[in-house]
Amino acid sequence: MNEIIIYFDNNATTPTDPRVVEAMLPFFTTDFGNTSSSHFIGEKSKKAVEQSREFISNLLNAKPTDLIFTSGATESINLAIKGIAEGYSNKGKHIITTQTEHSAVLDVCKHLEKKGFELEYLSVDREGLIDVNELKSKIREDTIIVSVIYVNNETGVMQPIKAIGEVCGNKNVLFFSDATQAVGKIPVEISKSNIDMMCFSGHKFYGPKGIGGLFIRKDIKLEPLFHGGGHERGIRSGTLNVPGIVGLAKAFEIAHSEMSQIQEKVKTLRNKFENELLETKMIKVNGHPTQRLFNVSNICLTKMDPFLVQNELSNVAYSQGSACNSSSVKPSHVLKAMGLSDNDALSSFRFSFGKENNMDEINLVIRSFKKLFEAKTGLN
């Protein structure tokens, strides 16, 4: 097996920033208290958690009392959608989402369909965007929640979140957004987006794995997934992951202080990668040309066997589809919803760049692609 020397899969996960690890270390050893303990060691941990909660909430323009810490986005998604389904079933059983959600949302929706809920899946155009007017027309009296991903994990396409929130607010329907690929990368302000619930994961922006959160307005009735201990407003019981929470807050601090320079650097890398390959006429880019996250490039090789790419780039970490579906040989449901054929979807690759990448790596991968393209042209 070839050693991975280039990592272009930052939407799957990122390395934990050493400054984050340093902030976490004391809470594994000297400051190891349980936040539920009444003694001074537990109080110190509790104070660290509440300080982290307030810091994160302020950066996202939200109320600290609305933030629940979880193990990550998947748990948050299950807690939000299942919790609303159970807590608001007396109002109705109609749920609206999109065809291009992360599998965590889609799998929850499939589960609820088996429980008798009616799911409505909004289509997207060829650039991956939903039609807000279609959403507006689909909302009914018995609609209890609308779930729309903030930034698509495969294409980086950014949905018109504020407009969606306004529609839901005017229709008195709860709006949940999976913001896993947005938080820590671009400015996200919950109160200005009319979002009722929103989830995120620390490991997507150089924080630790196994920690994330769910913002949920305090007036929302949410049934917990499990019970025992009454932690986190009684919504998410279990001993709090203090080192993870402290690390999450530190990752937020770094992300927000360095956001502009990281965006500028990474976007330059992404644009170089795309522009050089587009000139060859051998690829096309999947997703909206501008309404797209700065670090994602989902490219379709229109005239190339994808297995040749895998062989040539055996020392590069990238993705076909999302990390959660990497073992699947099926064409991406996201790309299929955008109108790609099975062949084009299977010939598409996601490269997601991060702050630790550099131009030398970009140029090396570009040369590898051009080598393949030249060989292909020569055969023809």
Checklist entry - Taking atom types as modelled and ignoring hydrogens, do the side chains of E134 and S137 form a donor-acceptor contact shorter than 3.5 angstrom? => result no
Rounded to the nearest 0.5 Å, the CD atom of Q99 sits from the CG atom of L106 at a distance of 9.5 Å
- Query: Quick check: does any side chain N or O of T280 sit under 3.5 Å from a backbone N or O of E276, one acting as donor and the other as acceptor?
  - Reply: no
**Check: N10/S352 side-chain N/O donor and acceptor closer than 3.5 Å** = no
Ion pair R236/E75, N-O distance below 4.0 Å: yes
Scanning both residues in full, the closest heavy-atom pair of A255 with G184 reads CB-O, 3.5 Å
Notebook entry, point to check: Are side-chain heavy atoms of I220 and M197 found at a separation under 4.5 Å?
Noted result: yes
Charged N to carboxylate O below 4.0 Å: is that the case for K44 and D31?
yes
When rounded to the nearest 0.5 Å, the distance separating CD of E361 from CD1 of I366 is 12.0 Å
Practice problem: Say whether L248 and Y150 are linked into one hydrophobic cluster, either directly or through other cluster members, by side-chain heavy-atom distances under 4.5 angstrom. | Solution: yes
Check your understanding: Quick one: does S57's side chain have a donor or acceptor within less than 3.5 Å of a partner on E54's backbone?
Key -> no
**Q.** Check ion pair R19-E258 (N to O, under 4.0 angstrom)
**A.** yes
dist F176:CZ -> C168:SG (nearest 0.5 Å) comes out at 12.5 Å
ask   = Less than 4.5 Å apart, any side-chain heavy atom of V316 and any of I6?
value = yes
message: When you group the ILVMFWY residues by side-chain heavy-atom contacts below 4.5 Å and let the links chain together, are V108 and Y88 in the same group?
response: yes
### Message
Strictly below 4.0 Å, N to O, side chains only: are R140 and E118 in salt-bridge contact?
### Response
yes
* Does a salt bridge link K91 with D142, judged by any charged N lying under 4.0 Å from a carboxylate O? -> no
Here the ring-ring contact (aromatic ring centres under 6.0 Å, His included) pairs for residues 185-222, sequence neighbours left out, are F200-F252, F205-F252
| query | Got a donor-acceptor contact below 3.5 angstrom from the N241 side chain to the S71 backbone? | reply | no
Next item on the list: Apply side-chain contact (heavy atoms from CB on, under 4.5 Å) to V146 and T97, showing your working.
Entry: CA-CA 6 Å; V146 171; T97 188; over 6 Å; no
Q.
Would the distance check show the side chain of H102 and the main-chain N or O of V105 forming a donor-acceptor pair, the cut-off being under 3.5 Å?
A. no
ask   = Side chains of M359 and T268: does their closest heavy-atom pair fall under 4.5 Å?
value = yes
So side chain to side chain donor-acceptor pair (under 3.5 Å) across residues 172-182, not counting sequence neighbours, yields D178-T180, Q181-K185
Check your understanding: For Q320 and Q310, does a side-chain donor sit closer than 3.5 Å to a side-chain acceptor?
Key -> yes
**Asked** Taking the side chain as C-beta and beyond, is there a heavy-atom pair between F369 and V309 under 4.5 Å?
**Response** yes
| said: Let's go through I216 and I68 carefully: what are the C-alpha distance in whole Å and the side-chain angles of both, what is the deciding distance for side-chain contact (heavy atoms from CB on, under 4.5 Å) to 0.1 Å, and is it a yes or a no? | reply: CA-CA 8 Å; I216 170 172; I68 301 298; 3.9 Å; yes
Smallest heavy-atom separation, T100 atom then A337 atom, equals CG2-CB, 3.7 Å
Is it true that atom CZ of F40 has more than 12 heavy atoms of other residues, nucleotides or ligands lying nearer than 6.0 Å?
-> no
Review point. Would you call K355 and D17 a salt bridge, using N to O less than 4.0 angstrom?
Key: yes
| message | Less than 3.5 Å apart, any donor N or O on the side chain of N286 or S348 sitting next to an acceptor on the other? | response | yes
Is any side-chain heavy atom of I186 closer than 4.5 Å to one of Q263? yes
Worksheet entry | Exceeds 12 heavy-atom contacts within 6.0 angstrom, atom CD of Q261 | yes
Are E22 and K250 ion-paired here, with the side-chain N under 4.0 Å from a carboxylate O? no
Notebook entry, point to check: Does R350 come within less than 4.0 Å of E154, counting only side-chain N to carboxylate O?
Noted result: no
Exercise for the section: Dump the intermediate steps for side chain to side chain donor-acceptor pair (under 3.5 Å) on N78 and D107, then the final yes or no. Expected result: CA-CA 9 Å; N78 276 264; D107 286 350; over 6 Å; no
Hphob cluster co-occupancy, I164 + V124, side-chain heavy atoms under 4.5 angstrom = yes
Salt bridge (Lys or Arg N to Asp or Glu O under 4.0 Å) pairs touching residues 290-301, sequence neighbours excluded, are E274-R292
Heavy atoms of G247 and V20 approach each other most closely as O-CG1, 3.4 Å
Applying side chain to side chain donor-acceptor pair (under 3.5 Å) to T143 and not counting sequence neighbours gives H94
Side-chain contact, heavy-atom cut-off 4.5 Å: K371 with R367? no
Across all chains, not counting sequence neighbours, the ring-ring contact (aromatic ring centres under 6.0 Å, His included) partners of F8 are F353
Considering residues, nucleotides and ligands other than K46, do more than 12 of their heavy atoms fall under 6.0 Å from its NZ? no
For this session: Please lay out, stage by stage, how T155 and L335 fare under the test side-chain contact (heavy atoms from CB on, under 4.5 Å).
Result: CA-CA 8 Å; T155 63; L335 300 181; 3.9 Å; yes
Residue set satisfying ring-ring contact (aromatic ring centres under 6.0 Å, His included) with Y318, at least two apart, ordered chain then number -> F349, F351
Donor-acceptor check, side chain of Q291 to backbone of M158, threshold 3.5 angstrom: yes or no? yes
If we only count heavy atoms from C-beta on, is the K267 to R270 side-chain gap below 4.5 Å? yes
- Message: Are V365 and I362 connected into the same hydrophobic cluster when the rule is that any two of I, L, V, M, F, W, Y join if their side-chain heavy atoms are below 4.5 Å apart?
- Response: yes
Go through the steps to decide whether T98 and Q159 satisfy the test side-chain contact (heavy atoms from CB on, under 4.5 Å), and finish with yes or no.
CA-CA 11 Å; T98 80; Q159 297 293 346; 5.8 Å; no
- Query: Would a distance-only check, ignoring hydrogens and angles, find a side-chain to backbone donor-acceptor pair under 3.5 Å from D125 to L129?
  - Reply: yes
Rounded to the nearest 0.5 Å, the NZ atom of K93 sits from the CD atom of E113 at a distance of 13.0 Å
Take K209 and T13 through the test side chain to side chain donor-acceptor pair (under 3.5 Å) and record every step on the way to the result. CA-CA 9 Å; K209 293 178 177 65; T13 195; 3.3 Å; yes
Below 4.0 angstrom, N of the basic side chain to O of the carboxylate: do K47 and E43 qualify? no
- request: Answer yes or no: are there more than 12 heavy-atom neighbours, outside K63 itself, under 6.0 Å from its atom NZ?
  value: no
- Would you kindly confirm whether L301 and F307 end up in one hydrophobic cluster when ILVMFWY residues are joined by side chain heavy atoms under 4.5 Å apart? no
Taking every heavy atom of P15 against every heavy atom of E356, the minimum-distance pair comes out as CG-OE1, 3.3 Å
The reported gap from CG in L79 to CD in E223 (rounded to nearest 0.5 angstrom) is 10.5 Å
Any salt bridge linking D342 with K330? Criterion: basic side-chain nitrogen under 4.0 Å from a carboxylate oxygen. no
